2 protein chains.
Amino acid sequence: MLVRINTAPRMPIDGQLAALASERMLSEFRYRRGSEIFGEREEPEYVYQIVSGAVRTYKLLPDGRRQINAFHLVGDMFGFENETTHRFTAEAIVETHVHLMRRTSILEAVRNGGAGAKDLIKFVTQNLQHAESHMLLLGRKTSLERVTAFLLEMDERLQHPDVMILPMNRRDIADYLGLTLETVSRALSILRDEGLLRFDGNSQRRLELVDRGALAKIDA
Amino acid sequence: MLVRINTAPRMPIDGQLAALASERMLSEFRYRRGSEIFGEREEPEYVYQIVSGAVRTYKLLPDGRRQINAFHLVGDMFGFENETTHRFTAEAIVETHVHLMRRTSILEAVRNGGAGAKDLIKFVTQNLQHAESHMLLLGRKTSLERVTAFLLEMDERLQHPDVMILPMNRRDIADYLGLTLETVSRALSILRDEGLLRFDGNSQRRLELVDRGALAKIDA
DNA sequence: CGCGGAGTTGATGATCTTCAAACATGGTGG
DNA sequence: CCACCATGTTTGAAGATCATCAACTCCGCG
């Protein structure tokens with residue numbers, strides 16, 4: 001049996017602003033694992049689309065508590081701002097290649113009243129929808145439900161691969177779900193012990209969802 | 001000394017879509033305290049602007065856990081959807097008067113490429129920004145920080161009244177902050193005991209922020 | 001191989017929730 | 001106009017979940 005994994009074939013680029021993107025693309029850029037792409041409160045200059053790799057965007061509290069807002073995977077666009085400052089910090093989770101385009105050229109396209117405006121509304125709306133369902137998760141779900149929801153979200157975004165390869169570590173997952181890394185680890189162990197989930201071979205980053213139906217039932 | 005309170009003078013209507021709204025307004029409508037304005041998964045027909053009163057929008061989990069997404073106050077618009085279903089339920093917290101306009105007429109305005117598109121992007125972006133900072137609150141702040149943040153948010157939205165009159169009860173606040181009503185009550189008691197906050201007269205819904213600076217320091 | 005980051009697991013503890021009871025508030029009708 | 005009642009709020013005690021602290025193991029990489 002052929003095993004699909006989620007790294008090998010580069011996924012088709014499908015961001016809502018793809019048309020704008022490809023027309024206005026400036027250049028490709030590479031970020032090393034862990035490096036910052038832009039910082040919170042910086043002035044936005046570019047909009048980014050991921051060619052390969054993965055990115056986390058997050059906010060920090062003064063004492064260092066971190067809330068990861070979103071993970072951005074291959075094909076995703078991020079970094080767009082209407083306002084004059086970024087609302088997040090963005091970092092490459094692994095070595096990441098992106099396409100850059102100038103923010104101003106996107107804004108211009110919107111001003112010129114083309115299809116750009118509608119695409120942009122859709123883009124922002126999708127971010128909003130994600131944030132809304134994430135608020136429900138953060139405000140009201142248990143740790144087991146959160147971790148399950150995370151797995152199902154990744155599964156869907158990676159198009160249900162046989163083996164899911166997670167680019168992020170347990171701390172990233174924890175900071176996305178409003179938990180600690182230990183709690184994430186324990187939840188994964190429970191799901192594994194219940195047979196809903198299998199770690200692939202030796203790696204704790206490669207996992208296989210054995211029973212998506214049962215997982216969906218856990219995620220309230 | 002003259003005491004400003006936040007109910008008396010009807011605030012100027014200032015939603016981002018106000019221009020569209022006033023042009024296309026259909027009619028005024030009244031909702032009784034506690035009544036549903038629209039339900040999650042319903043097809044959106046109208047966009048609403050609050051003339052008087054207050055509205056909560058929320059999502060429910062199957063077992064009844066509730067996450068209130070936002071409170072909408074006088075002048076605020078809500079209920080706009082790009083998609084074909086509402087993503088929330090909306091209920092009147094107190095007796096509420098709204099202006100209705102047809103959703104389709106807004107969409108039309110956007111399609112026609114007027115100023116509508118830009119206003120709409122701004123509107124959706126502001127909702128997104130609110131959701132993003134609320135994710136940080138829900139994922140990473142303590143109960144005392146959450147309640148403090150709530151008070152400061154309301155204070156600002158009501159334009160720093162001397163006496164803040166909250167339309168919502170403790171359970172609503174709790175479901176907004178991802179807490180229980182008891183925890184909210186305890187946090188308010190702490191803030192009162194520390195002298196940062198005063199209950200006005202007998203009512204637990206009328207309160208005065210005595211030391212906004214100290215409150216801002218608590219809200220990390 | 002061995003080193004260091006990452007992950008798991010266990011023990012303990014803090015915060016928040018749950019359960020419970022008492023009290024306050026504001027609207028209603030006698 | 002005031003007593004009454006439903007609803008809302010506070011406070012306390014006990015319990016659950018998740019966080020913290022700690023030790024150990026695993027894995028990937030040089």
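The model shown is predicted, which means the values in this text are computed figures rather than measured ones. Convention: sequence-line order gives letters A, B, ...; per-chain numbering from 1.
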Close N or O pairs between protein and nucleotides 23-30 of chain D (under 3.5 Å):
from   : atom 1 : to     : atom 2 : distance (Å)
D:dC27 : OP1    : A:N202 : O      : 2.9

Using a cutoff of under 3.5 Å, can you pull out all pairs of nitrogen or oxygen atoms linking the protein to nucleotides 13-15 of chain C, with atom names and distances?
none

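Although no hydrogens or angles enter the test, the distance criterion places no donor-acceptor pair under 3.5 Å between the side chain of A:S143 and the main chain of A:T183. No donor-acceptor pair closer than 3.5 Å links the side chain of B:R32 to the backbone N or O of B:A92. In this structure, A:R206 contributes its side chain and A:L166 its backbone to no donor-acceptor pair below 3.5 Å.
Heavy atoms of A:R146 sit nowhere under 4.0 angstrom from any nucleic acid atom. Counting any heavy atom pair closer than 4.0 Å across all strands shown, B:R140 reaches no nucleic acid atom. Among the atoms of the strands shown, only primed sugar atoms or phosphate atoms (P, OP1, OP2) are found under 4.0 Å from some heavy atom of B:G178.
For the residue pair B:H86/B:E43, the side-chain donor-acceptor check at 3.5 Å is not satisfied.
A heavy atom lying under 4.0 Å from DNA chain C marks the following residues of residues 180-192 of chain B, by number: B:T180, B:E182, B:T183, B:R186.
A salt bridge does not link B:R186 to B:E182: none of the charged side-chain nitrogens sits closer than 4.0 Å to a carboxylate oxygen. A:E91 and A:R56 are joined by a salt bridge, as a carboxylate oxygen and a charged side-chain nitrogen come within less than 4.0 angstrom of each other.
Here the rule is side-chain contact (heavy atoms from CB on, under 4.5 Å) with B:L179, and of B:V147, B:L138, B:T142 only B:V147 fits it. When B:L151, B:I218, B:T148, B:V210 are each tested for a side-chain contact (heavy atoms from CB on, under 4.5 Å) with B:L196, only one passes: B:I218.
Applying the salt bridge (charged side-chain N to carboxylate O under 4.0 Å, His left out) rule to B:K141 yields the partners B:D219; only residues at least two apart in sequence or on another chain are considered. A search for salt bridge (charged side-chain N to carboxylate O under 4.0 Å, His left out) contacts involving A:R65 returns A:D63, B:E145, not counting sequence neighbours.
Look at CG on A:L177: it is 15 Å from C1' on D:dA19, rounded to the nearest Å. As a whole-Å value, the separation of B:R170 CZ from C:dC23 C1' is 14 Å. What separates CG of B:L207 from P of D:dG8 is a distance of 17 Å, to the nearest Å. For the pair B:R66 CZ and C:dT17 P, the computed distance is 15 Å after rounding to whole Å. The distance from atom NZ of B:K141 to atom C1' of D:dC18 is 20 Å, rounded to the nearest whole Å. One interatomic measurement links the two molecules: CG of A:L137 to P of D:dC18, which rounds to 12 Å at whole-angstrom precision. Nucleotide D:dT11 holds its C1' atom 13 Å from the CZ atom of B:F199, rounded to whole Å. A:D172 places its CG atom 16 Å from the P atom of C:dG5, with the value rounded to the nearest Å.
The 12-atom threshold is exceeded at CZ of B:F199, counting heavy atoms of other residues, nucleotides or ligands nearer than 6.0 Å. Within 6.0 Å of CZ on B:R205 lie more than 12 heavy atoms contributed by other residues, nucleotides or ligands. The local environment of CZ in A:R212 is crowded, with over 12 non-hydrogen atoms from other residues, nucleotides or ligands closer than 6.0 Å.
At least one side-chain heavy atom of A:T96 sits under 4.5 Å from a side-chain heavy atom of A:V55.
The rotation axes computed at either terminus of the helix from C:dC1-D:dG30 to C:dG30-D:dC1 lie 40° apart, taking five pairs at each end and rounding to 10 degrees.
Distances shorter than 4.0 Å separate none of the side-chain N or O atoms of B:R205 from OP1 or OP2 on C:dA24.
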